[in-house]
Structure formats: C-alpha cells, structure tokens
Amino acid sequence: IEIPKLSGHGHIALPTLQNAYSDLHMSFDFKPESWTGLLLLTGETDDMTGDYLALLLRDGYVELRLDCGTGPGVVKSSTQVHLHEWNHLSVFRHDWGVWIQLNGGKQEEGRSQGLFSRITFNQPVFIGGS
C-alpha cells in the first residue's frame, strides 16, 4: 500500500490475520489529523462481540484493546501522538502479555484478562475509520 489518506469514516480492509492466535508483532507509521480515531480493528466476529484486537486514538493517546474471550485488557501509551506528523507504533503480543511503543519511547505493558490466551481472528483487518 502506498501511503493512503483516510479521513472521516474511510477505511481499508486487509486480509484476515493468519497464525496470530498467540503471537503477534507489527509496526507501522501513521499521520493522524485528529486526537481521536481508529487505527486498526480485527476480531472473531463481524460485530466484535467475541475475541478482538483494536488500536485506537483517544485524546491523542494510543490504546491497544484486546479480548481473548474472558474480558478486555487495555494498554495506553504514556505520551500523545504528534498531530500532522508521522508517528511510529510497534505492537507485540505473546499469550496474555502485550506491549506497545510509540515513537521509540517507553514500552507500555499490559495483559488480557481471564484464563484464555489465544485470539481467534476470522475478520479482515480494518485500518482507519472512526
């Protein structure tokens, strides 16, 4: 993909994540134009009532939200994104543990709740939107 520009409710749907049930590592660059929005969303069902993984902007902070089926977990960046500038985000997940790192800063760590550690991904990976 060549640097798409998404605004409003626009989004891109990418293929379903494969072999990412317990391990996931991704990095990407984004250039936000507002403090709030959806960076990435994928999950088990189309209404996201089952397992899911979401990356969103809330008041300028990146939040990773995930649910392995027994309750949501949330990890939030300690610094805000730079509006109208390129930001780099790294995400790592292994079983219950997750961490995010924004712009090479501090790694913020957390975990999913409950006993289950595997996420089932059956839906496309949605990038962008609100």
Side-chain angles (χ1 to χ4, degrees):
I1 297 174
E2 293 233 5
I3 311 178
K5 181 174 180 174
L6 304 172
S7 59
H9 299 286
H11 68 274
I12 295 172
L14 300 175
T16 302
L17 291 173
Q18 301 294 316
N19 302 315
Y21 299 106
S22 62
D23 292 294
L24 176 69
H25 183 220
M26 67 176 129
S27 295
F28 60 94
D29 298 309
F30 62 101
K31 190 176 182 181
E33 295 183 355
S34 75
W35 292 115
T36 302
L38 184 63
L39 297 173
L40 180 145
L41 176 66
T42 188
E44 181 178 13
T45 61
D46 61 357
D47 62 0
M48 299 298 157
T49 55
D51 298 355
Y52 68 86
L53 176 85
L55 286 166
L56 51 110
L57 291 178
R58 181 174 296 201
D59 299 324
Y61 294 91
V62 175
E63 285 186 5
L64 181 147
R65 295 179 168 267
L66 75 157
D67 191 331
C68 299
T70 53
V74 179
V75 179
K76 181 179 174 181
S77 65
S78 59
T79 59
Q80 291 180 303
V81 298
H82 303 294
L83 280 184
H84 309 290
E85 296 179 23
W86 287 105
N87 292 265
H88 183 77
L89 181 65
S90 294
V91 176
F92 176 81
R93 175 178 175 267
H94 177 72
D95 293 333
W96 296 276
V98 294
W99 63 255
I100 61 174
Q101 184 177 36
L102 179 63
N103 296 324
K106 182 181 177 192
Q107 289 183 5
E108 301 297 336
E109 299 180 22
R111 61 167 283 147
S112 60
Q113 295 182 21
L115 301 174
F116 300 140
S117 64
R118 295 174 67 100
I119 295 182
T120 301
F121 296 113
N122 293 326
Q123 298 300 308
V125 177
F126 296 102
I127 307 288
S130 59

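Residue indices begin at 1 and follow the sequence shown. Fair warning: this is a prediction, and the values are worked out from it, not measured in the lab.
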Side chain to side chain contact (heavy atoms under 4.5 Å, CB included) partners for [X], two or more places apart:
{"X": "Asp46", "result": "Gln123"}
{"X": "His94", "result": "Asp23, Phe92"}
{"X": "Asn103", "result": "His82, Asn87, His88"}
{"X": "Ser78", "result": "Lys106, Glu108"}

Out of curiosity, [X] [atom1] to [Y] [atom2], how far, rounded to the nearest 0.5 Å?
{"X": "Tyr61", "Y": "Lys76", "atom1": "OH", "atom2": "NZ", "value": "6.0 Å"}
{"X": "Gln101", "Y": "Glu109", "atom1": "CD", "atom2": "CD", "value": "10.5 Å"}
{"X": "Ser90", "Y": "Gln107", "atom1": "OG", "atom2": "CD", "value": "8.5 Å"}

Ignoring hydrogens, what is the shortest heavy-atom contact between [X] and [Y]? Give both atom names and the distance.
{"X": "Arg93", "Y": "Leu66", "value": "NE-CD1, 3.6 Å"}
{"X": "Leu83", "Y": "Trp35", "value": "CD1-CE2, 3.4 Å"}
{"X": "Leu57", "Y": "Pro32", "value": "CD1-CB, 3.8 Å"}
{"X": "Leu41", "Y": "Ala54", "value": "CD1-CB, 3.8 Å"}

Kindly say whether Pro124 contributes a backbone atom to a donor-acceptor pair with the side chain of Thr42 at under 3.5 angstrom?
->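 Checked: pair present.
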Could you tell me which residues satisfy salt bridge (charged side-chain N to carboxylate O under 4.0 Å, His left out) with Glu63, sequence neighbours excluded, listed by chain and number?
->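 Partners of Glu63 under the salt bridge (charged side-chain N to carboxylate O under 4.0 Å, His left out) test: Arg58, Arg65.
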For Leu89, which of Leu40, Val81, Leu55, Asp29 qualifies under side-chain contact (heavy atoms from CB on, under 4.5 Å)?
->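 So, applying the side-chain contact (heavy atoms from CB on, under 4.5 Å) to Leu89 and each of Leu40, Val81, Leu55, Asp29, only Leu55 qualifies.
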Evaluate side-chain contact (heavy atoms from CB on, under 4.5 Å) for Glu85 paired with Lys31, printing each intermediate quantity in order.
-> CA-CA 5 Å; Glu85 296 179 23; Lys31 190 176 182 181; 5.6 Å; no
Quick check: is [Y] connected to [X] through a chain of hydrophobic side chains (ILVMFWY, heavy atoms under 4.5 Å apart)?
{"X": "Phe28", "Y": "Ile127", "result": "yes"}
{"X": "Leu24", "Y": "Leu39", "result": "yes"}
{"X": "Val125", "Y": "Val62", "result": "yes"}

Beyond-backbone contact of Val74 with Leu64, side-chain heavy atoms, under 4.5 angstrom |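 No - every pair of side-chain heavy atoms lies 4.5 Å or more apart.
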